[in-house]
Protein chains: 2
Amino acid sequence: MASLGELERAVMDLLWAGQEAATANTLRDQLARTSATQDGPGHEGKELAVTTVLTVLSRLEKKGLVERERGTRPHRYQAVSSRADHTAELMHEVLGSAPDREAVLARFIGSVSEGEAETLRKLLGHL
Amino acid sequence: MASLGELERAVMDLLWAGQEAATANTLRDQLARTSATQDGPGHEGKELAVTTVLTVLSRLEKKGLVERERGTRPHRYQAVSSRADHTAELMHEVLGSAPDREAVLARFIGSVSEGEAETLRKLLGHL
DNA sequence: TCAGTTTTCTACGCTTCGTAGAACTGTAAC
DNA sequence: GTTACAGTTCTACGAAGCGTAGAAAACTGA
């Protein structure tokens, strides 16, 4: 249950980018703005209904990616884990499903940039 | 377009396991047998229709995971790349979607077993 | 209590996947 | 070369996931 839809991902990106918990309305506005800027001029930002955003947030909550404060009246939503954590977890998930983990790691390392290889060496150094 | 359904995955597992190209019928039989043994006794193997297997193979072909020899009359199907290659590619895909690649790698390395860390060190050594 | 805001319920259309019948096609034997 | 059969493609349906949002319910401030 790892894959996200397009809008779900867009919402997660916003939650991961912002450091504070956000309300559905805030997110709705940000979605309008970001899609307007990123998709270039002429492609006006999607004016989503707030209910749409709320539905998506509920689904993300059910998936365990988002948690909400139910106390405050406009509920505030935030990502459960950082994007980096989440992505790393995904990578482990992908890797975990393989019986030949070492072979996978070999292939993986084989196609990593030199800069990243260096990063990895450093990270592995102090273990 | 990375995720596979349950049956699609089962078929890929068979294609990855066998070294030779297989026909739809062969796969149908293997599916019946493997699900019988793996799921324990009492759970009889799924007797799928051959058309079902063919449909799945077509879909896998469209996804670029499988290729078939159209020359021979019972078409023969085989995985385009090894499971290890495929999995490693998936990992790169997951990683590639992140703007903070180094942070992801750090988290990833952080939760790798010591044995695998050793493997990684060796792999990174001779680059 | 009332009006406005926020959340939940319900729903519809689209796509993917498991599943397979129906129809078509190639092949081998007669 | 016509026929019978194995193999392949076409078409389709039901379930689930996702984008989308209206309608209804719940809440809050006045």
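Residue numbering restarts at 1 for every chain, and letters A, B, ... go by the order of the sequence lines.
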Q | Residues A/E6 and A/R9 bridged, charged N to O under 4.0 Å | A | no

Q. Base, backbone or nothing for each nucleotide of nucleotides 24-30 of chain D, written B, S, -, heavy atoms under 4.0 angstrom, 5' to 3'?
A. --BSS--

Q: Output yes when A/R59 and A/E8 qualify as a salt bridge under the 4.0 Å nitrogen-oxygen rule, no when they do not.
A: no

Q. To the nearest Å, how far apart are A/L57 CG and D/dA21 C1'?
A. 15 Å

Q: Quick one: pull up CG in B/D100 and CH2 in A/W16 and give me the separation to the nearest 0.5 Å.
A: 9.5 Å

(Q) If you compare every side-chain N and O of A/T52 against the phosphate oxygens of D/dA21 (OP1, OP2), does one of them come in below 4.0 Å? (A) yes

Q) What distance do B/L54 atom CG and B/T23 atom OG1 have between them, rounded to the nearest 0.5 Å? A) 9.0 Å

Q) How many Å lie between CZ on A/R59 and P on C/dT7, as a whole number? A) 17 Å

Q: Calculate the interatomic distance between B/L27 atom CG and D/dG7 atom P; express it in whole Å.
A: 13 Å

Q.
As a test of reading the structure: which of D/dT9, D/dG19, C/dT6 is closest to the side chain of B/L54, going by heavy atoms?
A. D/dT9

Q) How is B/R70 classified with respect to the nucleic acid when contacts are heavy atoms under 4.0 Å: base, sugar-phosphate, or nothing? A) sugar-phosphate

**Q.** Rounded distance (Å) that lies between atom P of D/dG19 and atom CZ of A/R28
**A.** 18 Å

Q: Whole angstrom is fine here: how far is it from CZ in B/R9 over to C1' in C/dT16?
A: 15 Å

Q.
What is the distance, to the nearest angstrom, from the CG atom on A/N25 to the C1' atom on C/dT5?
A. 9 Å

Q: Would you classify B/S58 as touching base, sugar-phosphate or nothing, given that sugar-phosphate means primed atoms plus P, OP1 and OP2, and contacts are heavy atoms under 4.0 Å?
A: nothing

Q | Distance in angstrom units between B/E47 CD and C/dT19 C1', rounded | A | 14 Å

Q. What is the nucleic acid contact for A/R68, judged by heavy atoms within less than 4.0 Å: base, sugar-phosphate only, or nothing?
A. sugar-phosphate

Q) From the list C/dC17, C/dT19, D/dT8, which nucleotide is the closest neighbour of the side chain of B/K63? A) C/dC17

Q) The side chain of B/T55 lies closest to which of these nucleotides: D/dC10, D/dC18, C/dC17? A) D/dC10

Q) CZ/A/F108 to CG/B/L120 distance, rounded to the nearest 0.5 angstrom? A) 9.0 Å

Q: Select base, sugar-phosphate, or nothing to describe what A/L7 touches, counting heavy atoms under 4.0 Å on all strands.
A: sugar-phosphate

Q: Considering non-hydrogen atoms only, spot the tightest contact between B/R76 and B/A21 and give its length.
A: NH2-O, 3.2 Å

Q.
Can you identify which nucleotide, out of C/dG18, C/dT7, D/dC18, has its nearest atom closest to the A/A24 side chain?
A. C/dT7

(Q) Any base atoms under 4.0 Å from A/T23, or only sugar-phosphate, or nothing? Heavy atoms, all strands. (A) nothing

(Q) Would you compute the distance between atom CD of A/E61 and atom CD of A/E67 and round it to the nearest 0.5 angstrom? (A) 8.5 Å

**Q.** Phosphate OP1/OP2 of D/dT8: any B/H75 side-chain N/O under 4.0 Å
**A.** yes

Q. For the pair made of CE in B/M12 and P in C/dG18, what is the distance, rounded to whole Å?
A. 13 Å

(Q) Once rounded to the nearest 0.5 Å, what's the spacing between atom CD of A/E102 and atom NZ of B/K122? (A) 8.0 Å

